[in-house]
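Questions regarding the structure given below will be posed in turn.
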Amino acid sequence: MLKIYNTLARDKQDFKPIEANHVRMYVCGMTVYDFCHLGHARVMVVFDMVYRWLKASGYDVTYVRNITDIDDKIIKRAAENKESIHTLTQRFIDAMHQDADALGVQRPDREPRATQYIPQMLEMVAQLEKNGLAYQAADGDVNYAVRKFDGYGKLSGKSLEDLRAGERVEVDSNKHDPLDFVLWKHAKDGEADEVKWDSKWGKGRPGWHLECSAMGSDLLGKHFDIHGGGADLQFPHHENEIAQSEGAHQCQYVNYWMHNGFVRVDNEKMSKSLGNFFTIREVLKKYDAEVVRFFILRAHYRSPLNYSDQHLDDAKGALTRLYTALKSVPSPSVPLPAGEGSQFPSPSGRGARGEGAVDWSESYAQRFQSAMDDDFNTPEAVAVLFDLANEVNRTQSAQSAAQLKTLAGILGLLQRDPQHFLQGETVAGGLDDAAISAQIEARIAAKKAKNFAEADRIRKELLEAGIVLEDTAQGTTWRRA
RNA sequence: GGCGCGAUAGCAAAGCGGUUAUGCACCGGAUUGCAAAUCCGAUUAGCCCAGUUCGACUCUGGGUCGCGCCUCCA
């Protein structure tokens, strides 16, 4: 039985989807005005892992991750760049897809853009107004009347009183309550047509919180299973989403709220405002994308994750061990042909399908499964992978190697040709494969002639060029350090 | 100030009321011409103070420190 830590309950709970065998999941995606940083990478990878595990567990999953393509920052950036909103957002959506693809993140089933859901948003505002939860203020903005919604604060565990006590922003006299938030932002003079839409409250654009509520319920229904995002979205964003959706639809919005921990640098949250962020593409210049993915999945999704070169190097070394084990055994390909995944029972007797054609009765698979079922405990699941690697190295069993590759595949890891991972790409200015082969041949000749001094010299020279040689029973192999 | 989360060996990071986490590093051995890789073994833990218990890293209370949210943020 899968257990999920539900922020709403502050506890791990048994996961039961609303519809048997079908899971509907929404994750807050990016605001596209710049390149994604490692914090974004973590959300994408973490929920990709969740998506994959639900599928491997036999569920049909509808996964929605939105794109915020209208927002103050976008407008500001477009103006600075003297480009249109559309050009700017499209550019960064493309960049985001490149980054996500590199990290092995599967595309969500739907990727709605806020600007395509304006009618649904307006409809929601109208419904909220009708339900007495929204009002148009003197400045033209339509606000949500927080104190009219019973249960405001149930996700973040904050009461309105607590929130007011900590109020740090200047009180906006147009609001009935300082905590009221904007649903529809009234257009200001001089704003481009591109950033305003007609509505019965006048021209304007949607508030950020409204976007997710409208897209979520339009694509997944008024009540769905899982809603995820970074821990910083818990308040106010997700709290406000609940207020909007439940206020408009008069029913429970989401059953399980999941929040991933932050990526930190020097023990501080990585964020735009602190300026201490690394973009995904920056990091990928230095580290293999799979290493980055592995680095993220090695920690539990709710724990903070400190970024540093040392930790990435560490992750690289560990991943190398797994690939080395796969390399040592011939043809560890995925054991079952596609489409025949139903011959094994899936975890907990859920439907038997999906990408994980795994024999779940096998002991490593069982350990892997209970780790993943325990609130997606990937560190524990990864530990199982290492135990399996040890078994592979010890027994040279093709079956174990196949199991290793299959289980790792559920995490989106270890699917490449081991040789390719270990040897990497030719470094600019470094030795190419042909040059390395020539050196290896020369060394083999030297060894045959018992000229070990020469053989060692060649090996040392290669090592200084970042090439590690390994003499095996099958001959000499090499990898990049 | 309010609310919440965390503190595990040199580093990273999990589970668990009593029995090896795991990876990297380090030490010994096997293997190797020597290495590397691999295998076997050893060493290194549980912020502090109380309490519960036959027994606590694991539960309870208090403290200390760190982090986050309360403002856009993944």
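Letters A, B, ... are given to chains in the order of the sequence lines, protein chains preceding strands, and every chain is numbered from 1. These values consider heavy atoms only, across backbone and side chains, with no hydrogens, waters or symmetry-generated copies.
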At under 4.0 Å between heavy atoms, what does A:Lys272 touch on the DNA or RNA strands: base, sugar-phosphate, or nothing?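 It contacts nothing in the nucleic acid.
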Cation-pi between A:Lys158 and A:Phe235: NZ/CZ under 6.0 Å from ring centre and within 45° of the ring axis?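 Yes, cation above the ring, under 6.0 Å and within 45°.
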Categorize A:Asn267 for me: base, sugar-phosphate, or nothing, with a 4.0 angstrom heavy-atom threshold over every strand shown.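 Touches sugar-phosphate only.
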With a 4.0 Å cut-off on heavy atoms, is A:Asp72 in touch with a base, just the backbone sugar-phosphate, or nothing at all?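 Nothing, no nucleic acid heavy atom in range.
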Which part of the nucleic acid does A:Ala318 contact within heavy-atom distance under 4.0 Å: base, sugar-phosphate only, or nothing?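 Answer is sugar-phosphate: A:Ala318 comes under 4.0 Å of backbone atoms only.
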Determine the contact category for A:Gly29: base if any of its heavy atoms lies under 4.0 Å from a base atom, sugar-phosphate if only primed atoms, P, OP1 or OP2 are that close, otherwise nothing.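 Sugar-phosphate contact only.
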Compute both the distance and the angle, then confirm whether A:Lys272 meets the cation-pi test with A:Tyr33: under 6.0 Å from the six-membered ring centre, within 45 degrees of the axis.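 A:Lys272 over A:Tyr33 ring: yes.
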For a quick check of understanding: with a heavy-atom distance under 4.0 Å over all strands, which category does A:Thr324 fall into, base, sugar-phosphate or nothing?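 Sugar-phosphate: the residue A:Thr324, judged by heavy atoms under 4.0 Å, touches backbone atoms but no base.
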With the threshold set at 4.0 Å, does a side-chain nitrogen-carboxylate oxygen contact exist between A:Arg459 and A:Asp456?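 Between A:Asp456 and A:Arg459 there is a salt bridge, with a charged N closer than 4.0 Å to a carboxylate O.
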Give one of base, sugar-phosphate or nothing for A:Asn393, where a contact means two heavy atoms less than 4.0 Å apart.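 Counting heavy atoms under 4.0 Å across all strands, the contact made by A:Asn393 is with sugar-phosphate only.
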Please work out if A:Met44 contacts a base, only the sugar-phosphate, or nothing of the nucleic acid, heavy-atom cut-off 4.0 Å.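 Since no nucleic acid heavy atom lies under 4.0 Å of A:Met44, the category is nothing.
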Once you round to the nearest 0.5 Å, how far does CD1 of A:Ile67 lie from CZ of A:Phe92?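 So the gap between those two atoms works out to 13.5 Å.
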Heavy atoms under 4.0 Å, any strand shown: does A:His300 hit a base, just sugar-phosphate, or nothing?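 Result for A:His300 = sugar-phosphate.
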Tell me what A:Leu469 touches on the nucleic acid: a base, only sugar-phosphate, or nothing, going by heavy atoms under 4.0 Å.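 Answer is base: heavy atoms of A:Leu469 come under 4.0 Å of a base.
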For A:Glu470, which contact category applies under a 4.0 Å heavy-atom criterion: base, sugar-phosphate, or nothing?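 If one applies the 4.0 Å heavy-atom cut-off, A:Glu470 turns out to touch a base.
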Heavy atoms only, 4.0 Å cut-off, all strands: where does A:Arg321 land among base, sugar-phosphate and nothing?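 The answer is sugar-phosphate, as A:Arg321 gets under 4.0 Å only of primed atoms, P, OP1 or OP2.
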A:Asn81 and A:Glu83: side chain donor to acceptor below 3.5 Å: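 Looking only at side-chain atoms, A:Glu83 and A:Asn81 do form a donor-acceptor pair, the distance falling under 3.5 Å.
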Whenever both distances are under 3.5 Å in a Watson-Crick or G-U wobble pair, mark it; put RNA chain B into dot-bracket that way, with [ ] for crossing pairs and | when the partner is on another strand. (((((((..(((.....[...)))..((((.......)))).....(((((..]....))))))))))))....
C1' atom, B:rU32 versus B:rA37: distance in rounded Å?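 Here B:rU32 and B:rA37 have their C1' atoms 11 Å from each other.
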Name the residue closer to the 5' end of RNA chain B, choosing between A:Tyr5 and A:Asp471 according to the nucleotide with the nearest heavy atom.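 By nearest-heavy-atom nucleotide position, the 5'-most residue is A:Tyr5.
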Report which part of the nucleic acid A:Val384 touches: base, sugar-phosphate, or nothing (heavy-atom distance under 4.0 Å, all strands).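 The answer is nothing, as A:Val384 stays clear of every strand by at least 4.0 Å.
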Would you indicate what A:Arg367 reaches in the nucleic acid, counting non-hydrogen atoms under 4.0 angstrom: base, sugar-phosphate, or nothing?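 Here A:Arg367 touches no strand at all.
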Starting the side chain at C-beta, find the nucleotide from B:rA74, B:rG4, B:rA14 nearest to A:Arg10.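 In terms of side-chain proximity for A:Arg10, the closest of B:rA74, B:rG4, B:rA14 is B:rG4.
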Looking at A:Tyr5, I'd like to know if the NZ or CZ of A:Lys12 sits under 6.0 Å from its six-membered ring centre while staying within 45 degrees of the ring's axis.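 Cation-pi check for A:Lys12 and A:Tyr5: fails.
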Would A:Asp225 and A:Val254 count as a side chain to side chain contact (heavy atoms under 4.5 Å, CB included) here? Give the steps. CA-CA 6 Å; A:Asp225 300 294; A:Val254 166; over 6 Å; no
